[in-house]
Amino acid sequence: MNKRIIVALDFDSKKQAMSLLDRLDAELCRVKVGKELFTACGPGLVKDIIKRGFDVFLDLKFHDIPNTVARAVQVVAHMRVWMLNIHASGGLIMMQQAREALEGFGERRPLLIGVTVLTSLAKEALEQVGIAGNPEEQVSKLAFLSLEAGLDGVVCSAAETRLLRAQLPEDFCLVTPGIRRPEDASGDQKRIVGPADAIQGGSSYLVVGRPITRAESPNQALKEFNSAIASVT
Ligand code: C5P
């Protein structure tokens with residue numbers, strides 16, 4: 001099966017992360033390790049998660065001078081993660097060098113994904129840092145720059161997928177958070193989209209946190225997300 005659900009391990013301890021993994025089937029999902037868990041537990045935990053059979057998306061959003069990012073990306077690839085990301089606003093050369101740093105990894109090369117515009121930044125916040133105009137145009141511009149640099153896809157909000165999917169190649173990955181079933185609490189997510197709608201809108205992978213991690217039975221919730229997706233694929 002094509003595992004499209006990426007469960008966000010938004011925890012600050014190994015104990016919490018591992019106890020969730022005990023309750024999830026690695027055949028039914030992949031997992032995301034972000035800055036919180038990585039800062040608390042480091043690469044050792046990432047390796048342990050991979051040993052348990054889970055594909056890991058390491059969400060560290062690198063953004064630095066090209067040489068520094070390329071070297072960090074190579075270290076991440078040696079951990080054998082499945083996917084990692086960098087900020088597209090780091091520029092074309094930074095992204096190209098990151099992509100080149102992965103050349104030697106052959107079949108084990110992780111997918112390299114660009115972060116366009118953080119969804120926490122609205123028009124006014126973008127203007128404050130010197131980016132005028134429509135935020136959607138900036139997302140689109142950075143998605144094309146990611147494509148030009150040879151990246152495998154971008155992270156984007158489900159609200160942006162239709163627009164991007166219409167403009168970008170079919171195999172360019174769109175990785176989408178903010179996914180909820182009708183019965184889920186939206187939490188702090190502002191613009192939520194259902195799993196089937198997100199896939200129909202062109203998402204390749206869905207990042208889901210609390211609706212699965214805080215469910216009474218995380219694996220049951222995961223199965224429900226997978227069935228919703230299966231109904232439209
Ligand atoms: O719990 P929830 O499903 O809202 O978690 C979504 C995950 O996706 C979290 O790890 C969050 O940091 C991440 N994310 C997001 N919105 C973005 C980018 C990432 O919710 N624009």
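The structure presented is a predicted model; accordingly, all values stated were derived computationally and were not measured. Every number for a ligand or one of its atoms is a count from 1 in the order of the listing.
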Rounded to the nearest 0.5 Å, how far apart are SG of C29 and CG of L222?
-> 5.0 Å
Under 3.5 Å, is there a donor-acceptor pair between the side chain of T68 and the main chain of D64?
-> no
R80 atom CZ: more than 12 heavy-atom contacts under 6.0 Å | no
Looking at C173 and S204, what are the two nearest heavy atoms and their distance?
-> CA-OG, 3.3 Å
Relative to the heavy atoms of R210, which atoms of ligand 1 are at a distance of less than 4.0 Å?
-> 1 (O), 2 (P), 3 (O), 4 (O)
A student comparing D10, N85, V175, I192 should find that the heavy atom closest to atom 9 (C) of ligand 1 comes from D10
Salt bridge (Lys or Arg N to Asp or Glu O under 4.0 Å) between K141 and E137: does it pass, once the steps are laid out?
-> CA-CA 6 Å; K141 195 190 277 183; E137 275 167 24; over 6 Å; no
Do me a favour and list the nearest non-hydrogen protein atom to atom 6 (C) of ligand 1 with residue, atom name and distance?
-> Q189 NE2, 3.8 Å
If you scan protein heavy atoms around atom 12 (O) of ligand 1, the nearest is K32 NZ, 4.2 Å
So is P177 polar-close to ligand 1, meaning N/O to N/O under 3.5 Å?
-> no
Under 4.0 Å to a heavy atom of V207 - the qualifying atoms of ligand 1, by number | 7 (C), 8 (O)
Near R180 (heavy-atom distance under 4.0 Å), the atoms of ligand 1 are 1 (O), 2 (P), 3 (O), 4 (O)
Any N or O of T119 closer than 3.5 Å to N or O of ligand 1 | yes
Are there more than 12 heavy atoms of other residues, nucleotides or ligands under 6.0 Å from atom CD of E170?
-> no
Side chain R165, main chain F172, donor-acceptor under 3.5 Å | yes
Per-residue contact class, P211 against ligand 1 - non-hydrogen pairs under 4.0 Å = side chain
Under 4.0 Å from any heavy atom of G209, which atoms of ligand 1 are there?
-> 1 (O), 2 (P), 3 (O), 5 (O)
